[in-house]
Student: 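There's a structure below that I have some questions on.
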There are 2 protein chains.
Amino acid sequence: MPNTEPPSLVKSVAHALDILDVVARAGDSGVTLAELAPRVGMAKSSASASARTLAHYGFLHIEMPGPRFKLGFALLRYGDQVTRQTSLGQVALPILHELAESTGLTARLALNDDGYPVFVERVDGHGSVRFHATLGQRESPHATGAGKVILAYSPTPLVRRVIGEHGLPRYTDSTITEPDALMDELERVRLVGFGVDNEEESDGVVCVGAPVFDHLGTCLGALSLTGLKADLASDGVGPYGAAVMEAAQRITRTVQGGRR
Amino acid sequence: MPNTEPPSLVKSVAHALDILDVVARAGDSGVTLAELAPRVGMAKSSASASARTLAHYGFLHIEMPGPRFKLGFALLRYGDQVTRQTSLGQVALPILHELAESTGLTARLALNDDGYPVFVERVDGHGSVRFHATLGQRESPHATGAGKVILAYSPTPLVRRVIGEHGLPRYTDSTITEPDALMDELERVRLVGFGVDNEEESDGVVCVGAPVFDHLGTCLGALSLTGLKADLASDGVGPYGAAVMEAAQRITRTVQGGRR
DNA sequence: TTCAGTGTTCGGCATCAACGAACATGTTAA
DNA sequence: TTAACATGTTCGTTGATGCCGAACACTGAA
């Protein structure tokens with residue numbers, strides 16, 4: 001990464017957010033102040049003050065005794081609002097439920113984050129396994145159904161930029177790692193109207209995605225269905241592709257038609 | 001509220017978190033810098049620097065053109081981790097799915113946040129309505145199934161403190177507003193093993209909750225089932241009470257037995 | 001009890017967060 | 001097209017304050 005730019009950040013705010021990150025990485029057990037301070041490069045006293053402020057707002061939870069810092073409920077509250085505030089998420093939720101129920105697969109909604117897919121909503125199906133799909137972080141643009149769909153309906157310069165900065169890392173034998181091959185694949189997506197991930201990100205896992213547009217034709221995000229290849233009927237992903245497309249089109253119509 | 005204490009907060013961090021709060025309240029449409037700055041009591045330039053820092057970490061999303069600030073995906077990511085990092089949330093999720101599926105009601109897991117119930121996980125049932133239960137914020141301790149359960153298994157001084165600071169606000173005709181009546185109700189909860197909210201928080205909505213304990217017998221939180229009274233069979237909430245209790249006990253056993 | 005580990009308090013210094021006017025931008029109105 | 005207005009950004013200046021580090025208090029274990 002060629003060091004994007006130094007937009008003169010506010011140091012103490014950056015420190016506080018670094019603290020959050022360290023605590024998040026620590027996991028369930030939390031961190032003590034002594035191991036936190038050096039990891040963010042501050043004196044104990046300074047880190048204590050910042051952490052205390054975060055805790056006062058509910059972003060951290062201080063667990064007694066032997067104070068251990070964990071993530072606080074405020075993050076959950078705000079995170080929930082992110083989903084809720086997206087007009088897309090609102091209209092998509094019931095449709096995700098329908099999809100999950102009728103297909104038995106895991107249905108998800110990804111938003112277009114500057115060319116990358118970010119899952120913001122998930123409804124598990126009744127299937128055997130449960131995918132620990134993390135919400136809120138950028139997923140592979142080239143190896144997921146949702147990612148391919150978003151790229152397919154993005155302007156070419158953006159596609160090139162995403163490929164340039166993210167690369168095309170190989171996850172499985174089927175992962176597309178050649179830019180030209182990916183461009184062909186995107187063309188195919190535009191042709192059939194939905195994207196397929198055939199064990200390209202994870203062995204044994206397949207996924208289909210379909211695009212959602214706003215009134216200007218910009219791709220807002222993608223709906224996707226994920227399942228185990230072993231669970232698929234012999235006729236492949238075709239029926240599921242049709243189902244996500246139909247559902248995504250319904251969302252598109254609602255978004256375009258409904259005010260606000 | 002008698003102004004708890006001024007624990008000497010870090011001003012710039014507090015400002016940044018205030019900004020997040022303002023943006024969150026703004027909703028889907030976001031806020032512009034001009035309306036944000038006065039609302040947090042800062043100069044435009046200062047607010048801009050803070051907001052920019054938040055955006056750099058993904059806590060805010062700057063939407064062009066006419067820069068509008070919205071909540072960023074990082075909040076979603078961290079919020080998701082809060083759920084995931086709770087060992088409870090991990091083991092509870094599949095059980096919530098079971099409950100929602102077998103009863104058709106909305107199943108939720110609340111954690112004990114110093115005597116208050118905070119919902120951290122939710123699985124909707126197939127029922128007619130969908131409850132917009134917000135995650136991550138303190139709910140009524142005296143008017144929800146989960147809240148009553150948590151209070152019922154908390155030490156009396158804590159119960160008194162919660163009643164003192166939260167009061168017993170009336171939401172419906174059935175809300176318990178007298179401390180003595182609430183204490184009797186808690187006794188009843190301990191007797192039958194689960195708590196009932198019979199249209200006490202919202203007309204037409206009923207709810208049952210059952211406790212989850214750790215290995216020391218501390219109440220970690222509560223499982224709850226919520227549905228419309230109109231949808232209930234003639235035999236009332238009894239069967240559901242038995243179901244949540246059984247599920248909660250299974251979680252308790254897993255938590256107590258499992259290492260980590 | 002002693003000891004090692006923790007988190008907290010305290011003063012002092014230099015940083016830098018906050019300000020506000022001047023600038024650049026792009027949107028609206030005439 | 002022009003003009004007026006609104007927005008967000010830039011830029012020194014200055015005083016507040018975030019940061020440090022050593023000394024203190026506390027806890028739990030040996």
Side-chain angles (χ1 to χ4, degrees), chain A residues 4-23 26-72 114 215-216, chain B residues 4-23 26-72 114 215-216:
Chain A
T4 48
E5 83 270 23
S8 84
L9 305 174
V10 177
K11 213 177 199 176
S12 23
V13 176
H15 273 160
L17 301 184
D18 285 338
I19 289 178
L20 270 187
D21 199 62
V22 169
V23 174
D28 192 9
S29 51
V31 282
T32 145
L33 180 59
E35 49 192 11
L36 188 155
R39 229 176 287 185
V40 293
M42 312 173 65
K44 283 191 300 177
S45 48
S46 316
S48 174
S50 283
R52 204 165 283 284
T53 307
L54 287 168
H56 183 262
Y57 280 78
F59 283 75
L60 285 183
H61 176 70
I62 304 182
E63 191 158 293
M64 303 296 293
R68 300 193 77 83
F69 296 95
K70 304 187 174 184
L71 296 182
D114 205 26
H215 58 105
L216 296 173
Chain B
T4 48
E5 83 269 24
S8 82
L9 303 175
V10 178
K11 213 177 199 176
S12 25
V13 176
H15 273 158
L17 302 183
D18 286 338
I19 289 178
L20 270 187
D21 199 62
V22 169
V23 174
D28 192 11
S29 51
V31 283
T32 146
L33 181 59
E35 48 193 10
L36 187 156
R39 228 174 287 183
V40 293
M42 312 171 64
K44 282 191 301 177
S45 47
S46 317
S48 174
S50 282
R52 203 165 283 284
T53 307
L54 287 168
H56 183 262
Y57 279 78
F59 284 74
L60 284 181
H61 177 71
I62 304 183
E63 193 158 294
M64 304 296 294
R68 300 193 77 82
F69 296 95
K70 303 187 175 186
L71 296 182
D114 207 26
H215 57 104
L216 295 173

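Below, chains carry the letters A, B, ... as their sequence lines are ordered, and counting in each starts from 1.
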Student: Rounding to a whole Å, what distance do you find between A:Leu9:CG and D:dT9:C1'?
Tutor: 16 Å

Student: Rounding to an integer number of Å, can you tell me how far B:Glu63 CD sits from D:dG8 C1'?
Tutor: 16 Å

Student: Can you name the closest pair of heavy atoms from B:Ile19 and B:Leu54 and give their distance?
Tutor: CG2-CD1, 4.1 Å

Student: Would you kindly give the CG-to-C1' distance between A:Leu36 and C:dG5, to the nearest whole Å?
Tutor: 17 Å

Student: In this structure, how many angstroms lie between the P atom of D:dG18 and the CG atom of A:Leu54, rounded?
Tutor: 13 Å

Student: Could you tell me whether the side chain of A:Thr32 has a donor or acceptor atom within less than 3.5 Å of a complementary atom in the base of C:dG7?
Tutor: no

Student: Using the side-chain heavy atoms of B:Ala43, tell me which of these nucleotides is nearest: D:dG8, D:dC20, C:dG20.
Tutor: C:dG20

Student: Would you indicate what B:Ser12 reaches in the nucleic acid, counting non-hydrogen atoms under 4.0 angstrom: base, sugar-phosphate, or nothing?
Tutor: sugar-phosphate

Student: How close or far is atom P of D:dG21 from atom CE of A:Met42, stated in whole angstroms?
Tutor: 12 Å

Student: A:Ser48 side chain N/O closer than 4.0 Å to the phosphate oxygens (OP1, OP2) of C:dG7?
Tutor: no

Student: State the OG-CZ distance between B:Ser48 and B:Phe69, to the nearest 0.5 angstrom.
Tutor: 6.0 Å

Student: Between the side chain of A:Thr53 and the main-chain N/O of B:Val10, is any donor-acceptor distance below 3.5 Å?
Tutor: yes

Student: Given C:dA17, C:dC19, C:dT8, identify the nucleotide with an atom nearest to the side chain of A:Lys44.
Tutor: C:dT8

Student: Using heavy atoms to find the nearest nucleotide of DNA chain C for A:Glu35 and B:Ser46 separately, return the residue whose nucleotide is more 5′.
Tutor: A:Glu35

Student: What is the distance, to the nearest angstrom, from the CD1 atom on B:Ile62 to the P atom on D:dT7?
Tutor: 17 Å

Student: Quick check for you: to the nearest 0.5 Å, what is the distance between B:Glu63 atom CD and B:Lys70 atom NZ?
Tutor: 3.5 Å

Student: Nearest 0.5 Å please: distance from the CZ atom of B:Arg68 over to the CD1 atom of B:Ile62.
Tutor: 13.0 Å

Student: A:Lys11 NZ to D:dC20 C1': how many Å, rounded?
Tutor: 12 Å

Student: Quick check on C:dT8: is either OP1 or OP2 less than 4.0 Å from any side-chain nitrogen or oxygen of A:Arg52?
Tutor: yes

Student: Name the closest nucleotide to the A:His15 side chain, picking from C:dG7, C:dC19, D:dC19.
Tutor: D:dC19

Student: What integer distance in Å separates A:Leu60:CG from C:dG7:C1'?
Tutor: 16 Å

Student: Ignoring hydrogens and angles, answer whether the base of D:dG18 and the side-chain atoms of A:Ser50 contain a donor-acceptor pair closer than 3.5 Å.
Tutor: no

